[in-house]
Protein chains: 2
Amino acid sequence: MQTIGQIIRTNRERKGLLLRQLAAQLDVDTAILSKIERSERKPTREQIFKLADIFKLDRDELLIQYLSEKIAYEIADEDVATRTLKVAEQKVRYLKSAKHGKV
Amino acid sequence: MQTIGQIIRTNRERKGLLLRQLAAQLDVDTAILSKIERSERKPTREQIFKLADIFKLDRDELLIQYLSEKIAYEIADEDVATRTLKVAEQKVRYLKSAKHGKV
DNA sequence: AACGAGTTGACAATTTGTGTCAAATGTAAT
DNA sequence: ATTACATTTGACACAAATTGTCAACTCGTT
């Protein structure tokens, strides 16, 4: 199970880029990128998209990794975590159908 | 599909309580409770537990409603929402097993 | 009109997220 | 062991989001 940080680091090293080089492309401080790779900070959505472009990864895939990691950390220490996600799925379905005027 | 706000309002009315009476028990301003019931604001976790106690609802059940609603609103307008939740489930499982020393 | 219940919006206080910077640490080469 | 460079760390500043406070407002009832 890879974190976003690990995905970024792996891809950066695969391309032989230094932190400061990738940081420059992302337009962030090296310190921040370092923290992101070690999961000490979360990237922003914009950064995710830039990374997907730089590494030619599927934007949706990376976005899913990013969002799901955020959610997982949000509730991982609840012991109702799994049931919460099941109910969240139902609610999402409901909200989406409502949005399409199906209520 | 009921919102937390609707659950609260229904239960408050069932007990014949006024907004200001329930607000007093919750130790919040009437304005806030009004907004919570109409989903204009989110309750805090503490408030959720107080409400469960006041209405004699299952704390975990209400917590699940609260957390899942928060998550659902967070990602409802992503079109990768459902897949995100599936991946989040996997990540939660992984995090939980890691926590129990199973890595 | 006066009252009580609920709603609304402007604002303040607090918390959380993000960025900046400089110093510290690690690592390899000379 | 000193230099040079990459990365990490932590303190701080700034911005954004959350939460709370308050007063004015609407609406229905008497």
Side-chain angles (χ1 to χ4, degrees), chain A residues 2-52 54-55 62-63 65-78 88, chain B residues 2-52 54-55 62-63 65-78 88:
Chain A
Q2 269 198 313
T3 64
I4 282 281
Q6 290 167 340
I7 292 172
I8 296 169
R9 175 151 294 184
T10 302
N11 277 276
R12 175 173 65 81
E13 291 174 342
R14 184 175 54 74
K15 285 195 96 177
L17 293 174
L18 299 176
L19 270 181
R20 84 176 138 71
Q21 294 173 322
L22 180 56
Q25 288 196 61
L26 279 180
D27 191 33
V28 296
D29 194 284
T30 303
I32 293 201
L33 182 54
S34 168
K35 286 169 186 169
I36 288 173
E37 288 192 350
R38 289 169 299 104
S39 300
E40 201 184 302
R41 290 253 182 130
K42 279 174 281 187
T44 66
R45 169 178 295 246
E46 273 318 300
Q47 289 161 358
I48 288 295
F49 288 142
K50 279 187 188 168
L51 287 164
I54 290 168
F55 295 135
L62 205 57
L63 181 60
Q65 291 302 316
Y66 163 71
L67 292 172
S68 63
E69 184 170 310
K70 224 168 46 141
I71 290 173
Y73 275 105
E74 237 178 89
I75 62 165
D77 49 353
E78 308 282 354
Chain B
Q2 266 198 314
T3 65
I4 283 281
Q6 289 167 340
I7 292 172
I8 296 168
R9 176 153 293 185
T10 302
N11 276 276
R12 175 172 66 81
E13 290 175 342
R14 185 176 51 77
K15 285 194 97 175
L17 293 174
L18 298 176
L19 268 182
R20 78 175 144 73
Q21 295 173 321
L22 179 57
Q25 288 195 61
L26 280 181
D27 191 34
V28 297
D29 194 284
T30 303
I32 294 200
L33 182 55
S34 168
K35 286 169 187 171
I36 289 173
E37 290 192 350
R38 288 169 299 104
S39 301
E40 200 184 304
R41 290 257 181 129
K42 280 175 283 188
T44 66
R45 168 180 295 246
E46 273 318 299
Q47 288 160 358
I48 287 295
F49 288 141
K50 281 188 186 167
L51 287 164
I54 291 168
F55 295 135
L62 205 58
L63 182 61
Q65 291 301 317
Y66 162 71
L67 292 172
S68 63
E69 185 169 309
K70 224 169 43 146
I71 290 173
Y73 275 105
E74 238 177 87
I75 61 166
D77 49 354
E78 308 282 354

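To find a chain, count down the sequence lines: A is the first, B the second, and so on, and within it residues start at 1. If you're wondering where the values come from, they're calculated on a predicted model, not measured in any experiment.
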Problem - Touch class at under 4.0 angstrom, heavy-atom based, for B:Arg45 against every strand present - result: nothing
Problem - Residue list, side chain to side chain contact (heavy atoms under 4.5 Å, CB included) with A:Ile54, at least two apart or on another chain - result: A:Lys15, A:Leu22, A:Gln25, A:Leu26
Problem - Nucleotide range of DNA chain D lying under 4.0 Å from chain B heavy atoms - result: D:dT19 to D:dC22
Practice task
Check the distance between C:dG4's P and B:Gln21's CD and give it to me in whole angstrom.
Solution key: 13 Å
Exercise for the section: Would you indicate whether the side-chain heavy atoms of A:Arg20 and A:Leu33 approach each other to under 4.5 Å? Expected result: no
Fill in the blank from the handout: Separation of C:dG6 atom P from B:Glu37 atom CD, nearest Å, is 8 Å
Completion exercise
Nucleotide by nucleotide, nucleotides 11-21 of chain C touches protein heavy atoms under 4.0 Å in the pattern (B base, S sugar-phosphate only, - none) -------BBBB
Problem - Sequence-distant partners of B:Thr44, side chain to side chain contact (heavy atoms under 4.5 Å, CB included), two or more places apart - result: B:Glu46, B:Gln47
Practice task
Only counting residues at least two apart or in another chain, list the ones meeting side chain to side chain contact (heavy atoms under 4.5 Å, CB included) with B:Arg38.
Solution key: B:Arg9, B:Ser34, B:Lys35, B:Glu40
Handout entry: Spatial distance of atom CD1 (A:Ile7) from atom CD (A:Gln2) [nearest 0.5 Å]
Key = 5.0 Å
Handout entry: Contact state string [nucleotides 23-30 of chain C, B base, S sugar-phosphate only, - no protein heavy atom under 4.0 Å]
Key = --------
Problem - Test item: A:Arg12 side-chain N/O and A:Leu17 main-chain N/O as donor-acceptor pair under 3.5 Å - result: yes
Problem - Side-chain N,O (B:Ser34) to OP1/OP2 (C:dG6) below 4.0 Å - result: no
Problem - Distance, nearest 0.5 Å, that separates CD1 of A:Ile4 from NZ of A:Lys42 - result: 12.0 Å
Problem - Under 3.5 Å: donor-acceptor pair, side chain of B:Gln6, backbone of B:Thr3 - result: yes
Handout entry: Heavy-atom check, side chain of B:Thr30 versus side chain of B:Leu18, under 4.5 Å
Key = no
Practice task
State, to 0.1 Å, how close A:Ala88 and B:Ser68 come at their nearest heavy-atom pair, and which atoms those are.
Solution key: N-CB, 3.5 Å
